[in-house]
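I have placed the structure first, in the form of structure tokens, so that the comments after it can refer back to it.
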Amino acid sequence: MSTASLMEHEDIFDILRKLASVPTVTGYEQNARETIKELLSGYVDDFWTTSWDNSVAVINPAGKKRLLFAAHVDQIGFIVTSIDESGYLKFSPIGGWDARVAYGSKVTVITSKGSIRGVIGTIPPHLMKEKEKKIDFKELVIDIGVDSKKEAEEAGVRVGDYIALHSEPELIGKHRVIGSGMDDKAGLASIIYAARMLATRKNELGDISVYFVATVQEEIGLRGASMIGYELKPDVAVIVDVTHAKSPETKEIAFVELGKGPVISIGPIYHREITESLIEIAEKHGIMYQREADPRGAGTDAWAIQIARGGVKTGLVSVPNRYMHSGVEMVDLRDMFNLARLLVEYSVSMKI
Ligand SMILES: [Zn+2]
């Protein structure tokens with residue numbers, strides 16, 4: 001791409017592209033472990049993975065207080081439930097899906113013999129009767145281009161194989177990226193980029209250790225975050241996820257916009273001190289940001305981390321995302337860049 005503005009964020013796009021190219025359906029996050037490690041290598045002081053594949057990196061591990069940045073690495077997907085005699089795969093969703101959005105998509109089946117391509121078959125409009133227009137997962141199958149169950153099994157397919165939407169992330173317009181799993185690879189890429197920037201300012205951290213975690217199993221109940229909140233015992237946590245951006249379809253219910261900056265959540269589960277200092281730091285450094293009121297807060301890892309052990313002072317910062325939980329989720333690289341800047345300035349100015 002030739003535009004100057006895009007070149008500006010080429011490095012953050014490169015991180016996102018690498019993360020998004022690895023399918024990490026909930027339960028199969030270990031697929032991204034090496035990629036995450038490589039992306040952080042040379043920037044952090046230590047890196048390890050836990051029993052359930054949360055990936056943990058730390059800068060300045062000798063600090064007395066612990067600041068945690070976490071973004072989930074898992075993405076919604078499917079699992080093979082049976083293979084019929086003609087070689088079609090029946091499947092069930094993992095995470096929050098709308099069957100209409102999955103219909104007609106290309107998928108990757110992660111088999112015992114490697115990844116194979118398939119499609120979620122459709123009924124041609126010519127043949128669809130009015131009463132059939134409601135689409136339900138129970139009626140959908142994945143076609144992997146074989147003619148029999150035997151052939152599917154020979155290709156390596158087994159009941160229990162994970163399936164991801166197939167999508168290579170793509171640049172669109174000057175600053176935006178489309179693809180599946182931007183929830184929450186966009187957040188994860190932002191914290192990895194923040195780690196890279198923070199590595200050059202380590203001497204400003206004083207007594208603060210900064211942990212960067214790619215959490216697992218967010219999409220089925222914040223399970224990785226529950227483990228990490230206990231294990232790392234952070235003093236402060238800032239969770240990084242995506243939030244619904246305004247589009248013609250969501251304008252009555254979503255209020256933040258793509259390209260207008262990271263979104264700071266305000267609501268009961270987000271600690272006042274954290275929220276206020278995130279806002280103060282954004283303003284002090286001229287970092288564009290948006291405010292979002294969140295009266296309930298149940299949808300992200302912040303929900304689990306907040307109540308880990310005796311309670312963790314928790315905040316939430318999000319990347320605006322259009323068309324969430326589809327194969328065409330859209331995010332803006334400028335929001336990710338500004339989010340990373342915010343985390344870095346927050347880390348170096350932190351007093352706990
Ligand atoms: Zn998410």
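Atoms considered below: every heavy atom in the structure, side chains included; atoms not considered: hydrogens, waters and symmetry mates. Order of appearance sets the numbers: ligands from 1, and atoms from 1 within every ligand.
For His72, the N, O or S atom with the smallest separation from the Zn ion (ligand 1) is NE2. Residue-level check: among N/O/S atoms of Asp241, OD1 sits closest to the Zn ion (ligand 1). Taking the N/O/S atoms of Asp183 in turn, the shortest distance to the Zn ion (ligand 1) belongs to OD1.
Of the possible polar contacts, one joining the Asp161 side chain to the Arg158 backbone as a donor-acceptor pair under 3.5 Å is found.
Within a 6.0 Å radius of OH in Tyr88, other residues, nucleotides and ligands contribute 12 heavy atoms or fewer.
A donor and an acceptor atom, one from each side chain of His72 and Asp183, are located under 3.5 Å apart.
A salt bridge does not link Glu29 with Arg33: none of the charged nitrogens is closer than 4.0 Å to a carboxylate oxygen.
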